[in-house]
2 protein chains.
Amino acid sequence: MKEKDLNELIEGSNEEQIAEKKLKILEAAIKVFSEKGFEGSRTSEIAKEAEVAEGTIFKYFKTKKDLLSGLLIPLSIKFLRPLIMKSAEDILKKDKENATEEILKELFLDRLSLIKKNMPLIKTVLVEAIYHDELLEPIKEQVVPQVLQLLDSYVDSHKQNGDFNDYNTRLISRTMMSLLMGYIVLSSVFPEFFSLNEDEKEIESIVDIFLNGVKNKGEQI
Amino acid sequence: MKEKDLNELIEGSNEEQIAEKKLKILEAAIKVFSEKGFEGSRTSEIAKEAEVAEGTIFKYFKTKKDLLSGLLIPLSIKFLRPLIMKSAEDILKKDKENATEEILKELFLDRLSLIKKNMPLIKTVLVEAIYHDELLEPIKEQVVPQVLQLLDSYVDSHKQNGDFNDYNTRLISRTMMSLLMGYIVLSSVFPEFFSLNEDEKEIESIVDIFLNGVKNKGEQI
DNA sequence: TCCGTAAGTGAGTGTTCACTCACTCATATA
DNA sequence: TATATGAGTGAGTGAACACTCACTTACGGA
């Protein structure tokens with residue numbers, strides 16, 4: 001069932017139907033790459049994981065490297081599209097009705113679960129992008145601008161109605177990303193040091209610090 | 001000259017003198033690993049970079065993997081020790097005399113330049129720690145607790161004298177780390193999107209948001 | 001000067017790996 | 001039923017790799 005998800009998404013979006021075996025190979029590649037890294041993974045292991053013969057991999061992907069590039073399509077479909085679409089709806093619709101705190105909390109929690117659900121895929125693509133420039137380019141062209149457009153426009157509207165201080169918009173967006181990324185990375189790599197509470201409590205605190213800072217205002221002169 | 005740095009540090013700290021060739025091999029390994037990743041690196045390339053024969057590598061390191069573990073020693077000496085020592089001095093001494101803003105700015109800038117200077121080493125160890133658990137353990141035992149002890153005690157003292165709000169200490173420490181990490185990662189991986197100013201201006205803004213948050217207090221009811 | 005020791009060398013080796021290709025077989029069509 | 005097609009297979013292959021080892025060289029002490 002799990003491997004159907006991707007296919008449905010792709011069908012639903014008018015892209016060419018991806019063969020069942022090809023899908024299983026991609027899912028297997030995500031799993032193995034995320035556990036061993038690209039160079040540390042063996043095509044034989046991916047074949048085993050996908051329950052196909054090793055030759056089948058090379059029917060669908062010319063080289064092992066093509067298999068890595070092939071992950072970019074699942075990345076944009078499974079991760080990027082929901083990221084963009086759901087955000088647009090939620091933020092823009094509910095923004096006026098609810099407190100900023102609530103909206104941000106919901107937004108952060110939503111992004112958090114989306115990232116956690118796609119962790120192996122995201123991890124693989126981001127880590128390998130460090131060593132393979134070809135991977136970084138599509139991210140710079142397709143992912144980052146979309147995410148920033150959303151965040152920036154959200155921030156801008158709050159600056160305009162006086163909710164937010166007049167910091168540089170991009171600085172505020174970057175701060176939001178830093179706080180969420182930092183939480184995810186630190187609490188998953190070093191859980192014994194940084195996982196203090198359930199996600200919901202944590203996100204609440206993060207939003208609170210983001211909005212109010214740590215300084216005790218009673219102290220100010 | 002560059003490869004002398006490490007040696008001097010090690011000598012100065014009463015550890016055994018590291019042979020010149022061994023040092024060159026470690027420096028070369030840091031360079032090659034950081035460019036290609038551990039599995040993507042060839043011992044032949046490391047040998048070439050270090051200007052030694054391939055066999056020499058295996059005189060000093062039993063296996064290629066030992067070479068990776070060997071990086072942990074340079075890591076703690078080149079990076080961790082200065083991190084701990086300089087912080088302890090600076091923060092604790094100047095804390096009372098200067099404004100919190102100034103201390104934090106100096107602290108962040110200092111950590112930033114230390115991290116940037118050791119980027120290839122830090123990058124390699126952190127990325128490979130994802131795939132090799134043996135690397136993560138020393139970090140969990142030697143690096144993270146030390147850094148946290150420092151940060152936490154700094155935060156605690158500011159909570160006690162009323163400078164900081166009564167958030168969980170670890171939460172505040174994590175926020176500081178997230179903000180700095182986020183800035184470093186985002187502005188070095190996606191400079192065209194996130195490098196807005198010189199480091200000093202950026203750090204000032206980060207400290208300001210950390211202390212005061214983004215919310216416009218005039219708006220509050 | 002001669003020897004002993006140890007650092008350094010690099011051609012050689014066995015293994016592992018990505019990739020190929022001649023083949024099988026299930027299904028579609030007539 | 002007979003034939004054609006192409007998806008799928010997996011033993012085989014050449015290249016690349018980590019690692020070895022017999023050797024060379026440099027040097028300190030007798």
Side-chain angles (χ1 to χ4, degrees), chain A residues 3-4 6-7 10-11 15-73 124 128 131-132 134-135, chain B residues 3-4 6-7 10-11 15-71 124 128 131-132 134-135:
Chain A
E3 65 269 14
K4 281 283 141 79
L6 240 178
N7 208 355
I10 294 169
E11 285 185 81
E15 306 200 17
E16 102 244 39
Q17 159 115 27
I18 291 185
E20 188 203 339
K21 300 266 173 185
K22 190 173 179 182
L23 262 184
K24 285 190 82 172
I25 291 168
L26 279 176
E27 302 259 354
I30 291 172
K31 176 154 190 270
V32 178
F33 286 165
S34 76
E35 283 164 6
K36 314 255 175 108
F38 174 73
E39 297 281 0
S41 300
R42 307 291 153 231
T43 50
S44 56
E45 192 179 348
I46 296 170
K48 208 173 180 184
E49 182 71 36
E51 295 173 298
V52 298
E54 209 174 337
T56 309
I57 292 178
F58 295 96
K59 271 266 154 47
Y60 288 107
F61 303 93
K62 253 172 64 76
T63 64
K64 185 187 168 191
K65 194 119 179 234
D66 280 358
L67 197 45
L68 180 61
S69 317
L71 295 185
L72 288 172
I73 294 157
T124 300
E128 297 307 329
Y131 305 114
H132 307 272
E134 330 85 71
L135 287 185
Chain B
E3 64 270 14
K4 281 282 142 77
L6 240 179
N7 208 356
I10 293 169
E11 285 187 82
E15 307 199 17
E16 103 243 42
Q17 160 114 25
I18 291 185
E20 189 203 340
K21 300 264 172 186
K22 189 173 180 182
L23 262 183
K24 285 190 83 173
I25 292 168
L26 279 175
E27 301 260 352
I30 291 171
K31 177 153 190 271
V32 178
F33 286 164
S34 77
E35 282 163 7
K36 314 255 173 105
F38 174 73
E39 298 281 359
S41 300
R42 307 289 151 233
T43 49
S44 56
E45 193 179 346
I46 295 171
K48 207 173 181 183
E49 182 73 37
E51 294 173 298
V52 299
E54 211 174 334
T56 309
I57 292 179
F58 294 96
K59 271 267 153 48
Y60 289 108
F61 302 93
K62 252 171 65 76
T63 64
K64 186 186 168 192
K65 195 118 179 237
D66 280 358
L67 197 45
L68 181 61
S69 317
L71 294 185
T124 299
E128 297 307 330
Y131 305 114
H132 307 273
E134 332 82 72
L135 286 186

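Labels below follow one simple rule: chain letters A, B, ... track the order of the sequence lines, proteins then strands, and each chain is numbered from 1. Both backbone and side-chain heavy atoms feed into the values below; hydrogens, waters and symmetry mates do not.
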What integer distance in Å separates [X]:[atom1] from [N]:[atom2]?
X: A:D66; N: C:dA18; atom1: CG; atom2: P; value: 14 Å
X: B:E54; N: C:dT13; atom1: CD; atom2: P; value: 16 Å
X: A:E39; N: C:dT16; atom1: CD; atom2: P; value: 18 Å
X: B:E20; N: C:dA6; atom1: CD; atom2: P; value: 20 Å
X: B:F58; N: C:dG12; atom1: CZ; atom2: C1'; value: 14 Å
X: B:K22; N: C:dG8; atom1: NZ; atom2: P; value: 12 Å
X: B:K21; N: C:dA7; atom1: NZ; atom2: C1'; value: 9 Å

B:F33 and B:E128: CA distance, side-chain angles, deciding distance, side chain to side chain contact (heavy atoms under 4.5 Å, CB included) verdict:
CA-CA 9 Å; B:F33 286 164; B:E128 297 307 330; 6.0 Å; no
Report the distance from atom OG of A:S69 to atom NE2 of A:H132, rounding to the nearest 0.5 Å.
9.0 Å
How long is the gap from CD on A:E35 to OG1 on A:T124, to the nearest 0.5 Å?
9.5 Å
Just checking B:E134: does its CD atom have more than 12 heavy atoms from other residues, nucleotides or ligands closer to it than 6.0 angstrom?
yes
Looking at B:K48, B:K64, B:E54, which one forms a side-chain hydrogen bond (donor to acceptor under 3.5 Å, both in side chains) with B:T43?
B:E54
Note: chain A reaches DNA chain D at heavy-atom distances under 4.0 Å over the stretch, first to last nt, 5' to 3', of D:dG8 to D:dG10
Give a yes/no verdict on a cation-pi contact between B:K65 and B:F38, requiring under 6.0 Å between NZ or CZ and the six-membered ring centre and an angle within 45° of the axis.
no
Given B:F61, which of B:L68, B:T56, B:L67 fulfils the side-chain contact (heavy atoms from CB on, under 4.5 Å) condition?
B:L67
Phosphate-side-chain proximity, [X] and [N], N/O vs OP1/OP2 below 4.0 Å:
X: B:Y60; N: C:dA7; result: no
X: A:K64; N: C:dA18; result: yes
X: A:R42; N: C:dT16; result: no

If each of A:K59 and A:T43 is mapped to the nucleotide of DNA chain C with the nearest heavy atom, which maps nearer the 5' terminus, i.e. the 5' end?
A:T43
